[in-house]
Amino acid sequence: GANERRIMPRRNFHWLKWHVLLLAVLSAAIVLGFWSARGRYEDQLTRQIWPVTAPEISVVSNLLTNSIPTVLLLGDSRMAQWDLPQLAGWRVVNAGTGGLTTEQVHLCLPKLLDQFHPDAVVLEAGINDLKFIGLHPERASGIVSFAAHNLEAIAHECVGRHCKVIVLETWPVGKPSLARRLVWSAEIPTAVDELNAQLQSLNWPEGGIRVVDLFKEAGLKPEAG
């Protein structure tokens with residue numbers, strides 16, 4: 001009986017020691033996994049925000065002919081979700097593609113202008129640039145200025161090709177998902193407001209550029225998630 005009393009605590013101690021070790025290993029694996037995933041996400045965003053070449057994009061159109069006025073919808077997934085709205089007397093070309101940053105849109109622009117010769121361009125982009133702020137909040141000002149500069153360059157290049165341009169303000173963000181919160185920053189909604197404030201300087205109706213706050217005009221609010 002005495003021997004059993006001496007053995008049982010020792011067994012309990014070994015059991016506890018191995019469980020503590022297992023928890024430590026699992027915790028370390030989770031932390032390493034998170035930082036590895038974060039690193040890959042940062043690398044991906046970096047390649048998107050400062051791309052070397054134009055990305056492949058998806059383009060859909062309701063007509064193939066160039067014989068009628070053409071409106072080019074240009075931007076990220078938010079623009080892609082518009083699909084092909086029916087505009088009487090217009091050919092609609094939607095080049096919105098998920099994940100595009102402002103610089104990627106800029107790199108795609110010359111080919112799209114050459115291919116479709118649009119009379120009007122509707123532009124919406126910026127939120128994918130601002131995601132980088134979730135990783136580096138200290139770089140918010142530079143990222144906002146970079147996105148604004150790209151959108152300005154896109155608008156003026158379109159005007160130079162005799163296109164009327166509607167620049168939609170970058171849409172406000174909804175509540176981030178649980179997974180997104182790991183790479184999110186409270187600075188991002190503020191950055192959206194700052195980018196939109198800078199975009200107002202592009203408003204030049206007599207020169208062919210009009211900046212529109214679509215959410216304000218339609219009385220809409222962003223969806224959560």
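Every heavy atom of this structure was used, including side-chain atoms; hydrogens, water molecules and symmetry mates were not.
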Solution key, residues 100-109 side-chain donor-acceptor pairs under 3.5 Å, sequence neighbours excluded:
| from | atom 1 | to | atom 2 | distance (Å) |
| --- | --- | --- | --- | --- |
| T101 | OG1 | Q48 | O | 2.6 |
| T101 | OG1 | Q104 | N | 3.4 |
| T102 | OG1 | D129 | OD2 | 2.8 |
| T102 | OG1 | N150 | ND2 | 3.0 |
| Q104 | OE1 | T101 | N | 3.0 |
| H106 | NE2 | E157 | OE1 | 3.3 |

Rounded distance (nearest 0.5 Å) linking atom CD1 of I127 with atom CG of D76: 8.5 Å
Determine the minimum heavy-atom distance between T170 and G126, stating which atoms define it. OG1-CA, 4.1 Å
Side chain to side chain donor-acceptor pair (under 3.5 Å) partners for T97, two or more places apart: none
Which heavy atom of G89 sits nearest a heavy atom of P69, and at what distance? O-CD, 3.6 Å
Heavy-atom donor-acceptor pair, R161 side chain to H156 backbone, under 3.5 Å: no
Would you sort out whether R210 and N203 count as a side chain to side chain contact (heavy atoms under 4.5 Å, CB included), showing the intermediate values? CA-CA 5 Å; R210 185 178 296 275; N203 197 48; 3.9 Å; yes
Counting only heavy atoms from other residues, nucleotides and ligands, does the tally under 6.0 Å from CD of E138 exceed 12? yes
In this structure, CE of M79 is separated from CG of L72 (nearest 0.5 Å) by 9.0 Å
The reported gap from CD1 in I154 to CG in L123 (rounded to nearest 0.5 angstrom) is 5.0 Å
Determine whether L112 and L63 fall in the same hydrophobic cluster, where Ile, Leu, Val, Met, Phe, Trp and Tyr are linked whenever their side-chain heavy atoms lie under 4.5 Å apart. no
Taking the side chain as everything from C-beta on, heavy atoms only, tell me whether L199 gets closer than 4.5 Å to L202. yes
Ignoring hydrogens and geometry, is there a side-chain-to-backbone donor-acceptor pair from N94 to D83 under 3.5 Å? yes
Would you say the side chains of Q198 and E152 form a donor-acceptor pair under 3.5 Å? no
Please name the pair of heavy atoms, one in D119 and one in W90, separated by the smallest distance, quoted to 0.1 Å. CB-CZ3, 4.1 Å
Any side-chain heavy-atom pair from V144 and L130 closer than 4.5 angstrom? yes
Residue pairs meeting ring pair (Phe, Tyr, Trp, His ring centres under 6.0 Å), one or both in residues 109-141, sequence neighbours left out, come to W50-F132, F132-H136
Mind checking whether C158 and I209 have side chains closer than 4.5 Å, heavy atoms only? no
Given side chains that start at C-beta, do those of V93 and V60 come closer than 4.5 Å, heavy atoms only? no
Using modelled atom types only, decide if a donor and an acceptor are shared between the side chain of R78 and the backbone of W171 within a distance under 3.5 Å. yes
Spacing of T53 atom OG1 and R47 atom CZ [to the nearest 0.5 Å]: 11.0 Å
CG/D43 to CG/L45 distance, rounded to the nearest 0.5 angstrom? 9.5 Å
Is there a side-chain contact between V92 and S61, using heavy atoms and a 4.5 Å cut-off? no
Between V159 and K164, is the side chain to side chain contact (heavy atoms under 4.5 Å, CB included) condition met? List the steps. CA-CA 6 Å; V159 168; K164 300 291 185 182; over 6 Å; no
CD1 of I143 to NZ of K131: how many Å apart, nearest 0.5 Å? 13.5 Å
Quick one: does I133's side chain get under 4.5 Å of R139's, heavy atoms only? no
Compare all side-chain heavy atoms of V71 with those of R91 and state whether any distance is below 4.5 angstrom. no
Minimum heavy-atom separation for P118 to L113, with atom names? CG-CD2, 3.6 Å
Which heavy atom in W82 sits nearest to a heavy atom in L214, and how many Å separate them? CZ2-CD2, 3.5 Å
Between V121 and L73, does a side chain to side chain contact (heavy atoms under 4.5 Å, CB included) hold up when you go through it step by step? CA-CA 6 Å; V121 174; L73 307 181; over 6 Å; no
Taking all heavy atoms of P189 and all of A186, pick out the closest pair and write down the distance. CD-O, 3.3 Å
